[in-house]
Amino acid sequence: MKLNEWQFSQRKYLPWETKLQLTKTRIQEWYDNWGGQVYLSYSGGLDSTVLLHLIRKTIGDDMPAVFSNTGLEFPEIVRFARKAPGTFKEIEPRNKDGKRITYRDVILSEGYPLVSKETAMKIRKLRHGNLSDRYRNYLLNGDERGSFGVLPKKWRCLLNAPFDTSEKCCDVMKKKPFIKYTKETGRVPFIGTTQDEGFVRARLYSHTGCNVYDGKTIKPAYGVLDKARRITVCR
């Protein structure tokens, strides 16, 4: 499914009608491949709402739209998500004992998700990771491959801050509840993303195309599943 650079560019600039048909085809393929055992990872945001609309038009109302209520969403988003057409399921982040996990719990245990996921991850690794000298030097100074992954100097003050910085908030509050739902139900997710919204998403899409049946994610970028199965909205 890996795309060459010209294929990636060509797909980006296809006419809207062609993109729409391509997306509907991918939705149907995903549904058929898993025998209907699928669900939508639904946030109430733009991408997942567009994908929900297309799914309902393509395969009907029975597939669950699953919303993870982290407690951080605006009340308007929660109310909007609960009005999703068709089958709807609301889940929450909970620990092994079934107790609701709050944002405060995550901050105290993992640290603040400052700046961006990528920056927060680099700070966490540099402060607490068991890194090789080569990788540590790369995060701070770059190497012969360049300096794309270097922690910007303006954020290095966080390395010595009296609090922790981490990208784990999203993992705990949103991704783990969906992983748990996937394990409990045997369903696999539709996930709507805009493929050229950022460099990392574009890179992931160019490596895998729309549907990933057994592909490894690029880990600071897209998800925490070692083997993620998902569909990307082709737009």
Side-chain angles (χ1 to χ4, degrees), residues 34-45 47-49 51-52 62-84 86-131 158-159 161-193 212 214-231:
W34 300 107
Q37 286 296 100
V38 294
Y39 72 93
L40 171 63
S41 176
Y42 184 58
S43 69
D47 290 334
S48 63
T49 299
L51 183 52
L52 176 61
D62 292 338
M63 183 219 65
V66 183
F67 173 69
S68 180
N69 188 346
T70 67
L72 297 173
E73 290 82 8
F74 287 112
E76 294 83 357
I77 292 292
V78 177
R79 288 196 294 268
F80 176 78
R82 288 171 175 169
K83 294 178 182 178
T87 304
F88 175 80
K89 171 72 174 177
E90 187 168 326
I91 58 178
E92 299 172 340
R94 295 187 178 274
N95 62 21
K96 293 180 180 179
D97 298 325
K99 182 181 178 181
R100 177 72 184 265
I101 299 173
T102 67
Y103 182 62
R104 183 176 184 274
D105 296 331
V106 180
I107 294 303
L108 292 176
S109 63
E110 304 291 349
Y112 289 88
L114 296 177
V115 189
S116 69
K117 290 180 184 177
E118 289 81 8
T119 299
M121 181 200 65
K122 292 168 189 173
I123 293 167
R124 176 184 60 80
K125 285 186 173 182
L126 286 165
R127 290 190 67 167
H128 302 295
N130 183 21
L131 308 181
L158 294 172
L159 293 173
F163 53 82
D164 275 331
T165 300
S166 168
E167 83 288 5
K168 295 292 186 178
C169 175
C170 185
D171 292 354
V172 174
M173 301 296 283
K174 296 201 78 170
K175 293 174 183 174
K176 285 187 178 180
F178 282 114
I179 293 171
K180 183 173 182 287
Y181 179 83
T182 297
K183 289 180 178 179
E184 290 176 345
T185 64
R187 293 179 178 268
V188 297
F190 286 96
I191 299 176
T193 61
V212 179
D214 194 22
K216 291 185 178 180
T217 60
I218 299 173
K219 292 183 179 178
Y222 187 76
V224 293
L225 289 174
D226 286 333
K227 290 188 176 180
R229 296 173 291 189
R230 58 104 172 79
I231 183 171

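We're numbering straight along the sequence, starting at 1. When reading the values below, keep in mind they use all heavy atoms of this one structure, side chains included, and skip hydrogens, waters and symmetry mates.
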Pairwise side-chain contact, W34 with R187, heavy-atom cut-off 4.5 Å (strictly under): no
Closest heavy-atom pair, Y42 versus A84, reported as atoms and distance to 0.1 Å, is CE2-CB, 3.8 Å
Smallest heavy-atom separation, P177 atom then V172 atom, equals CD-O, 3.5 Å
Kindly indicate whether the side chain of V106, heavy atoms from C-beta on, has any atom under 4.5 Å from the side chain of M173. yes
So, for N95 and D97, which heavy atoms are closest and what is the spacing to 0.1 Å? OD1-N, 2.9 Å
Check whether any side-chain heavy atom of I77 sits under 4.5 Å from a side-chain heavy atom of F74, and report yes or no. yes
Shortest non-hydrogen contact from E167 toward K117: CB-O, 3.4 Å
Check: Y112 ring centroid to F163 ring centroid under 6.0 Å: yes
So CD of E90 and CZ of F88: to nearest 0.5 Å the spacing works out to 5.0 Å
Let me confirm one number: the CZ-CZ distance from F67 to R82, rounded to the nearest 0.5 Å. 7.0 Å
For N69 and E92, which I'm curious about, is there any donor-acceptor pair between the side chains at under 3.5 Å? no
Run the numbers on L114 and I123 for side chain to side chain contact (heavy atoms under 4.5 Å, CB included), then give the verdict. CA-CA 10 Å; L114 296 177; I123 293 167; over 6 Å; no
Under 3.5 Å, is there a donor-acceptor pair between the side chain of S41 and the main chain of P189? no
Interatomic distance, C169 atom SG to D105 atom CG [nearest 0.5 angstrom]: 11.0 Å
How many angstroms lie between atom CD1 of I91 and atom OG1 of T70, to the nearest 0.5 angstrom? 11.0 Å
Rounded to the nearest 0.5 Å, the NZ atom of K174 sits from the OG atom of S43 at a distance of 5.0 Å
Show your working on side chain to side chain contact (heavy atoms under 4.5 Å, CB included) between K125 and L131 and close with a plain yes or no. CA-CA 7 Å; K125 285 186 173 182; L131 308 181; 4.2 Å; yes
For residues S48 and L40, report the shortest heavy-atom separation together with the two atoms involved. O-CD2, 3.7 Å
Quick one: do E118 and K122 make a salt bridge, cutoff under 4.0 Å? no
Go through the side-chain N and O atoms of Y181 and S68 and say whether any donor and acceptor fall under 3.5 Å apart. no
Report the distance from atom CZ of R127 to atom CG of D164, rounding to the nearest 0.5 Å. 5.0 Å
Please determine whether a side-chain nitrogen of the Lys or Arg among K176 and D171 lies less than 4.0 Å from a carboxylate oxygen of the Asp or Glu. no
Side chains of T165 and R124, heavy atoms from C-beta outward: is any pair under 4.5 Å? no
Could you walk me through whether F178 and I191 pass the side chain to side chain contact (heavy atoms under 4.5 Å, CB included) check? CA-CA 11 Å; F178 282 114; I191 299 176; over 6 Å; no
